[in-house]
Amino acid sequence: MEERAKRKWWKEGIVYQIYPRSFQDTTGNGIGDLKGIIHRLDYIKSLGVDIVWLNPIYKSPNDDHGYDISDYRGIMEEFGTMADFDELLKGMKQRGLKLVMDLVVNHSSDEHPWFKESRKSCDNPYRNYYHWWPAEKGKPPKRWSFFDIEENAWKYDPSTKAYYLHCFSEKQPDLNWENSKVRQEIYDLMKFWFDKGVNGFRMDVISFISKDTDFPELPEEYGGDFIPYYANGPRLHEYLHEMNKEVLSNYDVMTVGEGTGISIERALDFVNEDREELNMFFHFDLMDLDREPGQMFTMRKEKWKLTDFKRIHSQWDSIFAQKGWGSIYLNNHDFPRAVSRWGNDSKAYWHNSATMLQTFVLTMRGTPYFLYGEEIGMTNIKFNDISDYRDINTLNRYETLKNEGGDLEAFIQNEKHASRDNARTPMQWDLSKNAGFTKERPWIGINGNYEEGINVMTQESEEDSVLNYFRRMIGVRKSNTTLIYGDYTLLAPKNEDIYAYTRSDSKNTFLVLLSFSIEQAEINLKELDFEHARLIISNAEAAELKKDTRFALEPYQAVIYQLH
Ligand code: TEU
């Protein structure tokens, strides 16, 4: 089969996501900083990754840890200075690493000068930078907010007797994209960073930027589910195309949208090359798999099924088989750790499941994304007490529930698996105090399992560590473009224990076998030809190749064979 996709660096690159607050502290304030990332650049390079995505590092009062920006051209004081940023970028370029920043322009901070002006008076030149609903029109139609204790996205501002819209916290007012001046401001700030040499943007809730500014009552078809409604704004594609024409098309950069609420049917509207909008986006179908329907922060009681996991990935792959390009991820700063969620983080299965999941991400078609610490198999911290949590999402939902007299114990049990803080605990570097992250008190608790082998230093010294497997597996992907561009074919779709597929092109066929089972599991692959098969990699003793094609895999085993 021919390679149908045009080769691009952002299709072949592997992305490493850094939550700067938790990566490496060098100043002793318990918060990670840019100098810390600079200090660790050789390590990052040693992983074999190509692209670093940094969560927001701009000036921010940190209501939502940087997703509330008060100056799009300034660096958060805790993280350092613009000189540090320039040094970081230079250090990355010297090592051949690319830098992708977070673009958070659905909303700003309420401490951004635009909002401070906007709220001053109804005739202020910045008034229309945000969405205002005058109280004289009565109460605005219901809009739901993610982080509001009353779950209300309209906040009344007495100074001008009007409500402003905030789909996230009340300190994150939504920008008004209808206003062409706002759009120009955003395009200008994008150019500012591109002109510095930044290689792309991950675009925060980019699907939410367009709103029906009449703010009608929510159409019934949404049945109380706000997300798809927020993601279906009337001028969304017009804005993305305009952004592409005015900015993106002038640079060799990559874009990955956060595709909150984007359904598979609409996927190509965003990433079909001919439409000139985005390169990729993150879909949420997998992230929703183990959540109660319509309740994005509550885990389901019953376990998710591997057949659903396969179906989701196979469906999304088929969409991008002809046009566009996908992104493959199992976690990020908003979701629990991959090994705890999709694998098994108990001692006996942790190593195999962490490496099996890495094998999955690195053998799918689409750009692979890893969250810092995933390379060493970092796990959920499962905080017991509300006072341990730092995330506005957990803290404010707790308040909401408390006000309603809800079950707070059940809430904490849920957060142990669901909270975003699971993914945000400090990087585990070594066996020294605080895992080598900081010399002082860290801003959030550190997972004690750094003392039990989940740290970089220990894993550097072990040939078979999760870390060294990650490096080897990256080597496998990099030396075989078939694993990047080749066709994907699902095998044994009904098998609930093993995920099996081939990746093939005219030159090669690779067979990938991944066990998601806690027990030995079997698969029958009689349709395949093993005549010339050879083992490429396995995270455990590889199954012996027999012509009878019945394979038994160890718990959470991953194995790749090249068939021809
Ligand atoms: O997340 C938007 C989004 O869709 C999330 O609310 C997601 O559903 C949730 O975090 C799942 O737990 C982005 C950022 O990634 C997130 O960190 C920010 O808090 C949010 O936007 C507001 O900027």
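Because only heavy atoms are used, hydrogens play no part in the values below, and waters and symmetry mates are left out as well, while side chains stay in. These numbers were taken from a predicted model, which means no experiment stands behind them. Just follow the structure's listing: the first ligand is 1, and inside any ligand the first atom is 1.
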Arg420 NZ/CZ over Phe383 ring centroid, <6.0 Å and within 45° of normal = no
For residues 259-271, pull every pair meeting side-chain hydrogen bond (donor to acceptor under 3.5 Å, both in side chains), keeping only residues two or more places apart or in separate chains.
-> Asn232-Arg266, Ser263-Glu265
Would you confirm whether the ring centroid of [Y] sits within less than 6.0 angstrom of the ring centroid of [X]?
{"X": "Phe470", "Y": "Phe370", "value": "yes"}
{"X": "Phe115", "Y": "Tyr164", "value": "yes"}
{"X": "Phe335", "Y": "Tyr329", "value": "no"}
{"X": "Tyr450", "Y": "Phe437", "value": "no"}

Give me the residue, atom name and distance of the protein heavy atom closest to [atom].
{"atom": "atom 6 (O) of ligand 1", "answer": "Phe146 CE2, 3.2 Å"}
{"atom": "atom 11 (C) of ligand 1", "answer": "Phe297 CE2, 3.6 Å"}
{"atom": "atom 10 (O) of ligand 1", "answer": "Arg420 NH1, 2.9 Å"}
{"atom": "atom 13 (C) of ligand 1", "answer": "Asp204 OD1, 2.7 Å"}

Numbering as shown, the atoms of ligand 1 that approach [X] to under 4.0 Å (heavy-atom distance):
{"X": "His107", "result": "22 (C), 23 (O)"}
{"X": "Phe147", "result": "19 (O)"}
{"X": "Arg202", "result": "14 (C), 15 (O)"}
{"X": "Phe335", "result": "11 (C)"}
{"X": "Thr260", "result": "4 (O)"}
{"X": "Met296", "result": "8 (O)"}

For atom 22 (C) of ligand 1, state which one of Ile227, Ile206, Asp63, Asp64 supplies the nearest heavy atom.
-> Asp64
[X] and ligand 1 - part of the residue with a heavy-atom distance under 4.0 Å:
{"X": "Asp334", "result": "both"}
{"X": "Arg424", "result": "side chain"}
{"X": "His333", "result": "side chain"}
{"X": "Glu258", "result": "side chain"}

Go through the structure and list residues passing salt bridge (Lys or Arg N to Asp or Glu O under 4.0 Å) with Arg397, not counting sequence neighbours.
-> Glu415
Is Arg291 close to ligand 1, meaning an N/O of one under 3.5 Å from an N/O of the other?
-> no
When rounded to the nearest 0.5 Å, the distance separating CZ of Arg441 from CD1 of Ile446 is 11.0 Å
Strictly by modelled atom types, are [X] and [Y] linked by a side-chain donor-acceptor pair under 3.5 Å?
{"X": "Lys211", "Y": "Asn106", "result": "yes"}
{"X": "Tyr16", "Y": "Glu375", "result": "yes"}
{"X": "Gln184", "Y": "Glu246", "result": "yes"}

Met287 near ligand 1, heavy-atom distance under 4.0 Å?
-> no
